[in-house]
Protein chains: 2
Amino acid sequence: MVKLKDDKKVTQIFQATVKLVARKGLSGITMGDISKEAGIATGTLYVYFKSKDELINALFAACRENSVQVSFKGYQPNRPFKLGFRQIWLNILRYKLQNFEETVFLEQCYHSPFITAATREKALQLAAPFYELMKRGQQEQLVKSVDSGLLLTFVMGTMNELIRQTHYSGIPLSRSRINTAFDLCWDALKA
Amino acid sequence: MVKLKDDKKVTQIFQATVKLVARKGLSGITMGDISKEAGIATGTLYVYFKSKDELINALFAACRENSVQVSFKGYQPNRPFKLGFRQIWLNILRYKLQNFEETVFLEQCYHSPFITAATREKALQLAAPFYELMKRGQQEQLVKSVDSGLLLTFVMGTMNELIRQTHYSGIPLSRSRINTAFDLCWDALKA
DNA sequence: TGCTAAAGTGAATATTTATTCGCTTATATT
DNA sequence: AATATAAGCGAATAAATATTCACTTTAGCA
């Protein structure tokens, strides 16, 4: 073999795409835009991805995996539930804040014609650990014993909206604001 | 004057657009698709809207106004706060459920290049009554005295996510599930 | 009822955008 | 160092899409 594909380039392409989608929406970006933003030639995109569809699907999958992996960083099941939950909640919040563009990208994708059913299905499976977490809270009788899907809906819904609001309002997310938001969330869940 | 523009046609165009966007995303629709779905000729679209941009902006504004108007239907300020809040919460929920496509459309728009700053600004102003509502709850000491923007973030975030989840999971939103969801929400807000 | 101005049409055109391709450059292997 | 092979390039091409336009139909008004 001779010259190998460059993993860094994939990262460049992904970053450029995510950035542009957050700014202009999925409908507003072209392969030309992406290549320009990534600092490579348009043709090079096709060395790494067969088509725009494939690029978007691959990026979607990568973003999903990223965000799940980050969530459980530092989670220790032996510590009290509320502490662990808080840790994960903060992990997600921090990640989404620092990667706002990724969050927007994922949202945009959900209703786009780019994402295939298979990609969507895979994304769903990734949520399993969060269901487990809710179940633990319920077993310890700290969390309301209602459908865990509903609980997660609440946790993620507030998180996403908080990120969005923070970004658009320009109100910085101070430590005390974060604590307040967490308290709202916890009060909703707690048994 | 002779032949007048038909208000019904605007409705047709809007309905078609909303339907298609919910199915294929903003990026997946063309003027051709819209005209076909609306049952009119492509050229006719340009009788009603100067461009695709203008169409999307007009539709966005219309959707926003719709959803706000519906929210306060039947709200009586003299009745107890929680009842009123519940009424509004249910109004929004019902409306969003029945008009899921509109919800998706609005979401997609927020990060699209179609929506102009002016359109966005107008949307923000429409939220004023909701801020008033939160303030009332706080004055009566029924609601936590934290930034009302944060409270609304919570209320709307959970609502949107609930709608989304309901639609995709296929789990029907039974009366008891609705009550549970409301309780989660109220527990978060209550002082 | 006939006239007229605007709505309505959809094929033609202009524009935008994805994708390809002939070429150049870089780098693993010998 | 020579070579072979794939990455990288960006102008050229193909495909998709917005917009226009010459024409037909419709409906208000005399």
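Here is how names work: the chains are called A, B, and so on, in the same order as the sequence lines, proteins then strands, and each is numbered from 1. Both backbone and side-chain heavy atoms feed into the values below; hydrogens, waters and symmetry mates do not.
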CE-CD1 distance between B:Met156 and B:Ile92, expressed to the nearest 0.5 angstrom: 4.5 Å

Atom CG of B:Asp53 and atom C1' of C:dT16: how far apart are they, to the nearest Å? 14 Å

OP1 or OP2 of D:dT19 less than 4.0 angstrom from a side-chain nitrogen or oxygen of B:Lys52, does that happen here? no

Touch check for A:Ser51, heavy atoms < 4.0 angstrom, all strands: base, sugar-phosphate only, or nothing? sugar-phosphate

Using a cut-off of strictly less than 4.0 Å between a heavy atom of the residue and any atom of DNA chain C, enumerate the qualifying residues of residues 17-34 of chain B by number. none

Determine: side-chain N/O of B:Lys9 to OP1/OP2 of C:dG8, distance under 4.0 Å, yes or no. yes

Mind telling me whether A:Tyr75 and A:Phe72 have parallel, tilted or perpendicular rings, with 30° and 60° as the class edges? perpendicular

Please list, for nucleotides 10-15 of chain C, all pairs of protein and nucleotide N/O atoms separated by less than 3.5 Å.
residue	atom	partner	partner atom	Å
C:dG10	N7	B:Gly43	N	3.4

Can you list the residues that meet the salt bridge (charged side-chain N to carboxylate O under 4.0 Å, His left out) rule with A:Arg177, with sequence neighbours excluded? B:Asp147

Round to a whole Å and report the spacing from CD of B:Glu54 to C1' of D:dT19. 14 Å

Between the side chains of B:Lys144 and A:Asp187, is the shortest nitrogen-to-carboxylate-oxygen separation below 4.0 Å, so that they form an ion pair? yes

Atom pair CG/CD1 of A:Leu59 and A:Ile13 - distance to nearest 0.5 Å: 10.5 Å

Do we get A:Arg136 above A:Phe81's six-membered ring, with its NZ or CZ under 6.0 Å from the centre and within 45° of the axis? no

What contact category does B:Phe49 fall into here, base, sugar-phosphate, or nothing, at under 4.0 angstrom with non-hydrogen atoms? nothing

Value in whole Å for how far the C1' atom of D:dA7 lies from NZ of A:Lys8: 16 Å

Whole-Å distance, A:Tyr48 OH to C:dT19 C1', equals 18 Å

Closer than 4.0 Å, any side-chain N/O of B:Tyr46 to the OP1 or OP2 of C:dT9? no

Roughly how many Å is it from CG in B:Asp7 to P in D:dA27, rounded to a whole number? 16 Å

May I ask you to check whether over 12 heavy atoms, not counting those of A:Gln141, lie within 6.0 Å of atom CD? no

